[in-house]
Asks: 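Dropping the structure in here first, questions after.
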Amino acid sequence: KNNASPFVITHELGHSLGLGHSNLIRCPGNGPDGAWANCNAIEYGGAVDVMSNVDIKGPLSTYHQWRMGIIKDSDVTQVWKTQTIDLKYTNSATGTRAIFVRDGKSTYWIEYRKAADGYTPGLAIYRTDPPPASSIVSPNTSDAVEAPNQAVTSDVWLLNLDSFRYTNTATTSGSPTLSVGKTFLGASGNISVSAAAKDINTVSVTVNRKVDTV
């Protein structure tokens with residue numbers, strides 16, 4: 001349909017530039033993470049940027065910035081063993097802006113959001129491994145299509161690590177971020193992530209692995 005909304009136009013332009021949706025992973029018992037067989041992939045529910053269906057004014061996620069080439073490969077640190085990294089704010093001009101972690105079939109993308117974005121200052125963490133079609137919850141039936149297993153797609157699935165709420169009426173409340181000083185434990189129990197404040201634009205992120213990945 002024709003639509004003159006700047007938000008809708010920007011969202012659709014994002015698709016033309018190769019961006020997918022910002023979605024939400026929702027697991028039983030309000031758990032922040034889990035196997036896709038047990039969790040739902042809520043299409044549009046990761047309402048932290050314009051690639052959801054909520055008119056959000058915050059910066060584009062670093063994953064989508066990377067997809068567009070705004071953030072270079074050298075600005076993304078891949079972590080395969082226990083490591084501590086200085087992570088810059090989402091919209092910083094230089095330095096590590098994102099951390100990529102693989103844990104078996106699960107892949108995680110980590111960025112730093114500030115209070116200026118409307119959230120509790122802390123880490124936004126996304127899953128980037130696609131769910132099976134049976135896990136997808138969407139108002140569009142065409143979204144529930146099978147994606148290749150273990151692939152990295154153009155979509156992301158936000159983990160709710162605080163008090164975030166998304167409803168089918170396209171409204172949000174609360175914050176999805178892992179606040180400084182708290183620890184996220186992945187569903188497998190193999191990886192944990194925490195952050196400590198360093199300066200106004202930087203947090204020191206520690207990714208701990210019980211078993212390193214080669």
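Side chains are part of it too, since the values below use all heavy atoms of this structure and drop only hydrogens, waters and symmetry mates.
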Asks: With side chains defined as the heavy atoms from C-beta onward, is the minimum distance between Lys182 and Ser194 less than 4.5 Å?
Replies: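 The answer is no, as the side chains (C-beta and beyond) never meet within the 4.5 Å cut-off.
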Asks: Counting N and O atoms only, with roles assigned by atom type, does the side chain of Ser188 sit under 3.5 Å from a partner on the main chain of Asn190, one being a donor and the other an acceptor?
Replies: yes
Asks: Would you check, one step at a time, whether the test side-chain hydrogen bond (donor to acceptor under 3.5 Å, both in side chains) holds for Thr177 with Thr120?
Replies: CA-CA 6 Å; Thr177 52; Thr120 302; 4.6 Å; no
Asks: Hydrophobic clusters here meaning ILVMFWY residues chained together by side-chain heavy-atom distances under 4.5 Å, can you tell me if Phe184 and Val79 are in one?
Replies: yes
Asks: Mind checking whether Asp33 and Arg127 have side chains closer than 4.5 Å, heavy atoms only?
Replies: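 Asp33 reaches Arg127 side chain to side chain.
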Asks: How long is the straight-line distance from CD1 of Ile191 back to OG1 of Thr82, given to the nearest 0.5 Å?
Replies: 10.5 Å
Asks: Got more than 12 heavy atoms from elsewhere within 6.0 Å of CG, Asp199?
Replies: yes
Asks: For the side chain of Asp49 and the backbone of Met51, is there at least one donor-acceptor N/O pair under 3.5 Å apart?
Replies: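 The answer is yes, because a donor-acceptor pair under 3.5 Å joins these two groups.
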Asks: Is it possible for you to say whether Tyr44 and Val54 belong to one hydrophobic cluster, with membership spreading through side-chain heavy-atom contacts below 4.5 Å?
Replies: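 Tyr44 clusters together with Val54.
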Asks: side-chain hydrogen bond (donor to acceptor under 3.5 Å, both in side chains) for Asp75 and Trp66? Distances and angles first, verdict last.
Replies: CA-CA 9 Å; Asp75 300 324; Trp66 173 70; over 6 Å; no
Asks: Decide side-chain contact (heavy atoms from CB on, under 4.5 Å) for Arg209 and Val101; before the verdict, give the C-alpha distance in whole Å, the side-chain angles of both, and the deciding distance to 0.1 Å.
Replies: CA-CA 10 Å; Arg209 284 184 182 269; Val101 181; 3.4 Å; yes
Asks: If hydrophobic clusters are built by linking Ile, Leu, Val, Met, Phe, Trp and Tyr wherever their side-chain heavy atoms come under 4.5 Å apart, do Val156 and Leu19 end up in the same one?
Replies: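 Shared cluster, no.
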Asks: Does a donor on one side chain sit under 3.5 Å from an acceptor on the other, for Thr206 and Thr84?
Replies: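 Distance-only check passes for Thr206 and Thr84.
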Asks: Please determine if Arg113 forms a cation-pi arrangement with Tyr89, meaning its NZ or CZ atom is less than 6.0 Å from the six-membered ring centre and no more than 45° off the ring axis.
Replies: no
Asks: In terms of hydrophobic clustering (I, L, V, M, F, W, Y; side-chain heavy atoms under 4.5 Å; direct or indirect links), are Trp157 and Val137 co-clustered?
Replies: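 Trp157 and Val137: separate clusters.
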Asks: Table please: side-chain donor-acceptor pairs of residues 34-41 below 3.5 Å, with sequence neighbours left out.
Replies:
from  : atom 1 : to     : atom 2 : distance (Å)
Trp36 : NE1    : Asp129 : O      : 3.0
Trp36 : NE1    : Asp129 : OD2    : 3.1

Asks: Please confirm whether the backbone N or O of Leu60 pairs with a side-chain atom of Gln65, one donor and one acceptor, at under 3.5 Å?
Replies: yes
Asks: Can you tell me if Asp86 and Thr202 form a side-chain donor-acceptor pair at under 3.5 Å?
Replies: no
Asks: I'd like to know whether Arg97 forms a side-chain contact (heavy atoms from CB on, under 4.5 Å) with Tyr112, so could you lay out the CA-CA distance, the side-chain angles of the two residues, the decisive distance to 0.1 Å, and finally the verdict.
Replies: CA-CA 8 Å; Arg97 251 73 55 73; Tyr112 172 46; over 6 Å; no
Asks: Thr62 pairs by side chain to side chain contact (heavy atoms under 4.5 Å, CB included) with which of Ile110, Val76, Ile71, Leu87?
Replies: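 So, applying the side chain to side chain contact (heavy atoms under 4.5 Å, CB included) to Thr62 and each of Ile110, Val76, Ile71, Leu87, only Ile71 qualifies.
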Asks: With a 3.5 Å distance limit and no angle check, can you tell me whether Thr10 reaches the backbone of Pro6 through a side-chain donor-acceptor pair?
Replies: yes
Asks: I would like to know whether Val203 and Lys198 meet side-chain contact (heavy atoms from CB on, under 4.5 Å); could you show each step before the answer?
Replies: CA-CA 5 Å; Val203 289; Lys198 189 162 186 179; 5.8 Å; no
Asks: Same cluster for Leu161 and Val205 if Ile/Leu/Val/Met/Phe/Trp/Tyr side chains link at under 4.5 Å?
Replies: yes
Asks: Could you check whether any side-chain N or O of His11 sits under 3.5 Å from a backbone N or O of Val50, counting only pairs where one atom can act as donor and the other as acceptor?
Replies: yes
Asks: Can you tell whether the side chains of Lys105 and Asp103 come within less than 4.0 Å, N to carboxylate O?
Replies: no
Asks: Given the rule in the side-chain contact (heavy atoms from CB on, under 4.5 Å) test, do Val207 and Lys81 qualify, once you have shown the distances and angles that lead to the verdict?
Replies: CA-CA 8 Å; Val207 178; Lys81 59 183 180 180; over 6 Å; no
Asks: Give me the one residue out of Thr171, Asn53, Asn160, Thr172 that meets side chain to side chain donor-acceptor pair (under 3.5 Å) with Tyr166.
Replies: Asn53
Asks: Evaluate side-chain hydrogen bond (donor to acceptor under 3.5 Å, both in side chains) for Lys114 paired with Asn201, printing each intermediate quantity in order.
Replies: CA-CA 8 Å; Lys114 298 199 296 187; Asn201 290 315; 2.7 Å; yes
Asks: Aromatic rings Trp109 and Tyr63: how do their planes relate, parallel, tilted or perpendicular, breaks at 30° and 60°?
Replies: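 Perpendicular, since the angle between the ring planes exceeds 60°.
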Asks: Got a second to check how far Ile125's CD1 is from Leu159's CG, nearest 0.5 Å?
Replies: 6.5 Å
Asks: Say whether Thr77 and Thr96, considering side chains only, have a donor N or O and an acceptor N or O under 3.5 Å apart.
Replies: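 There is such a pair (donor and acceptor under 3.5 Å, judged by atom type) between the side chains of Thr77 and Thr96.
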